[in-house]
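Below: the structure, in structure tokens.
For reference, positions follow the sequence shown, starting with 1.
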Amino acid sequence: MKTNDILSEKQKLILVLLNRNNIDKLKDFINSLETPLYFLNSSNFDLLTLALSLNCSFDIIKLIYNRCNYKTLNYVVKDIYHLYDMSNHKDETIVNYQNSLEVLMDSNNNVKSPLLVSLEFSDFQSVEFLINKGADMYFKINGKYILEILREENLLTMRKLNFLLKNGFSLKKFKIERLSNFEFKYIKKCLENFVFDINFIKYLLNLYKNKAGISKRKFNHRVNNEINKIEIPMELYLKYLDRKDYKKVEYLYKYYGTEKTRSFKDFILFYLNYFDRNFNKKSFYDFFNFIINNENTFPFSKEYAINENETIIINKKLKIVELIKNNNNLKLETFLKNNNYILHCLYSSKSEILNLINEYNVSSDIVDILRKYFLI
């Protein structure tokens, strides 16, 4: 069934007026109605959401809100009829199809709320207006928060997140676990807004202003209290550890709490072993290389990392010698293939490989394998 077949004549007329964005003609139409304007609303036709989706002026938004006697802004509309295709929408370019009343918004199962639509369009004036009138930033649609829906629609921007944070959005109510699939910049922004927030900054400024002394112990206690406001889910650490995105793991580590350093070290070592899928110690080697080559705050010293990687190298060399001595060409090739990432570190020159060949009087098959992997 086409959209214009299931709209009443008055709904069709007001759609045209909203599309023209003419507040004077809209007022004339409203004054001509024999029944209140909100009688045109239904479970799948909502004037406020329509006006927002059609990019109507802020004056029209306020007019509809005031004349429709909304008791709450935390509601959803099953289907939204509008005059442009949302799938082609960009913040800076709104595509308006003048003659396509049949086009439906095809995201989140066609379920929208006023606040969601205003955020989709980056209509920050309307967003602020709706929030001030009671629109809940934590209102769920089909079990998802508005922030999650914006991310799924690829319409979330840092500007939108900053605006929500400025208006009170916080990890106090929005569990950080829900950010696990977000880009890291959004996770970082939410954390920075919640921990060491404006109240903590005011506390420091007040100390400075009053020239009030504070012991190191008391200051560290205050810092740890801030850090303990949030508990980073282990899944986030594992996500970036598995990707070898150690800078992000390091950033999250600062929210772990200094008193739990030992447990963090154990946690990292346990999951480096878990991620050692080919049983070749590459996950350990890569992580410790990061420690060695970068200034970082991880609870592993460079000396520790160097010793660990040297141990890996020594054990690899011993295994190669064992396989060569046993003349086990199949196992040797498999081992070299699985450990190709580190072969350049095992022997500093081709002469070392030639010495191995001569020392153990290896078969021609072993020589061919060594030649293949060490390019001798």
[X] bridged to [Y] by N-O distance under 4.0 Å:
| X | Y | value |
| --- | --- | --- |
| D136 | K173 | no |
| K372 | D368 | no |
| K248 | D245 | yes |
| R151 | E148 | no |
| K133 | E128 | no |

For F290, is the NZ or CZ atom of K244 found under 6.0 angstrom from the centre of its six-membered ring and inside 45 degrees of the ring axis? no

Looking at [X], I'd like to know if its [atom1] atom is crowded, meaning that more than 12 non-hydrogen atoms belonging to other residues, nucleotides or ligands lie closer than 6.0 Å.
| X | atom1 | value |
| --- | --- | --- |
| R217 | CZ | no |
| E192 | CD | yes |
| K325 | NZ | no |

Give the table of side-chain donor-acceptor pairs shorter than 3.5 Å for residues 184-191, with sequence neighbours excluded, one pair per line with atom names and distance.
| unit_1 | atom_1 | unit_2 | atom_2 | d |
| --- | --- | --- | --- | --- |
| Y186 | OH | L156 | O | 3.0 |

Gap between atom [atom2] of [Y] and atom [atom1] of [X] - 0.5 Å precision:
| X | Y | atom1 | atom2 | result |
| --- | --- | --- | --- | --- |
| I232 | I176 | CD1 | CD1 | 4.0 Å |
| S8 | F45 | OG | CZ | 7.0 Å |
| L343 | L375 | CG | CG | 9.5 Å |
| L164 | L147 | CG | CG | 6.5 Å |
| N294 | K302 | CG | NZ | 7.5 Å |
| I268 | F275 | CD1 | CZ | 9.0 Å |

Audit row: D242, R277, side-chain contact (heavy atoms from CB on, under 4.5 Å) steps and yes/no: CA-CA 11 Å; D242 192 24; R277 297 182 179 90; 3.0 Å; yes

Any donor and acceptor pair, going by atom type alone, linking the side chain of [X] with main-chain N or O of [Y] inside 3.5 Å?
| X | Y | answer |
| --- | --- | --- |
| Y251 | Y246 | no |
| N326 | E322 | yes |
| N41 | L47 | yes |
| K160 | L155 | yes |
| K229 | V195 | no |
| K350 | F374 | no |
| N19 | L15 | no |
| N328 | K331 | yes |

Would [X] and [Y] count as a close aromatic pair, with their ring centres under 6.0 Å?
| X | Y | answer |
| --- | --- | --- |
| F288 | Y304 | yes |
| Y38 | Y70 | no |
| Y138 | F169 | yes |
| Y253 | F264 | yes |
| Y271 | Y237 | no |
| Y145 | F139 | no |

Run K265 and F298 through side-chain contact (heavy atoms from CB on, under 4.5 Å) and show every step you take. CA-CA 8 Å; K265 289 177 70 173; F298 280 121; over 6 Å; no

Can you find a side-chain donor-acceptor pair between [X] and [Y] that sits under 3.5 Å?
| X | Y | value |
| --- | --- | --- |
| N327 | S363 | yes |
| Y285 | N280 | no |
| N278 | Y341 | no |
| E235 | S180 | no |
| D59 | S57 | no |

Which heavy atom in [X] sits nearest to a heavy atom in [Y], and how many Å separate them?
| X | Y | answer |
| --- | --- | --- |
| L40 | Q11 | O-NE2, 2.8 Å |
| K316 | L346 | CB-CD2, 3.7 Å |
| S53 | L50 | OG-O, 2.9 Å |
| V117 | K112 | CG2-CB, 3.8 Å |
| A51 | I64 | CB-CD1, 3.6 Å |
| L52 | P114 | CD1-O, 3.4 Å |

Consider only side-chain heavy atoms of I, L, V, M, F, W and Y, link residues closer than 4.5 Å, and tell whether [X] and [Y] are in one cluster.
| X | Y | answer |
| --- | --- | --- |
| I292 | F287 | no |
| I306 | F284 | no |
| L171 | M234 | yes |
| L241 | F270 | yes |
| F39 | L13 | no |

With a 4.5 Å limit on heavy-atom distance, are the side chains of [X] and [Y] in contact?
| X | Y | value |
| --- | --- | --- |
| Y373 | I353 | no |
| L161 | N193 | no |
| F174 | M137 | no |
| E153 | L150 | yes |
| D123 | Q125 | yes |
| L236 | L179 | no |
| V362 | N329 | no |
| L318 | V321 | no |

Is there a salt bridge (charged side-chain N to carboxylate O under 4.0 Å, His left out) between E9 and K12 once you walk through the steps? CA-CA 5 Å; E9 289 303 316; K12 290 180 187 178; 3.6 Å; yes

Evaluate side-chain contact (heavy atoms from CB on, under 4.5 Å) for L73 paired with I131, printing each intermediate quantity in order. CA-CA 9 Å; L73 291 171; I131 291 172; over 6 Å; no

Yes or no on side-chain contact (heavy atoms from CB on, under 4.5 Å) for Y256 and L252, after CA distance, side-chain angles and deciding distance? CA-CA 7 Å; Y256 199 79; L252 294 174; over 6 Å; no

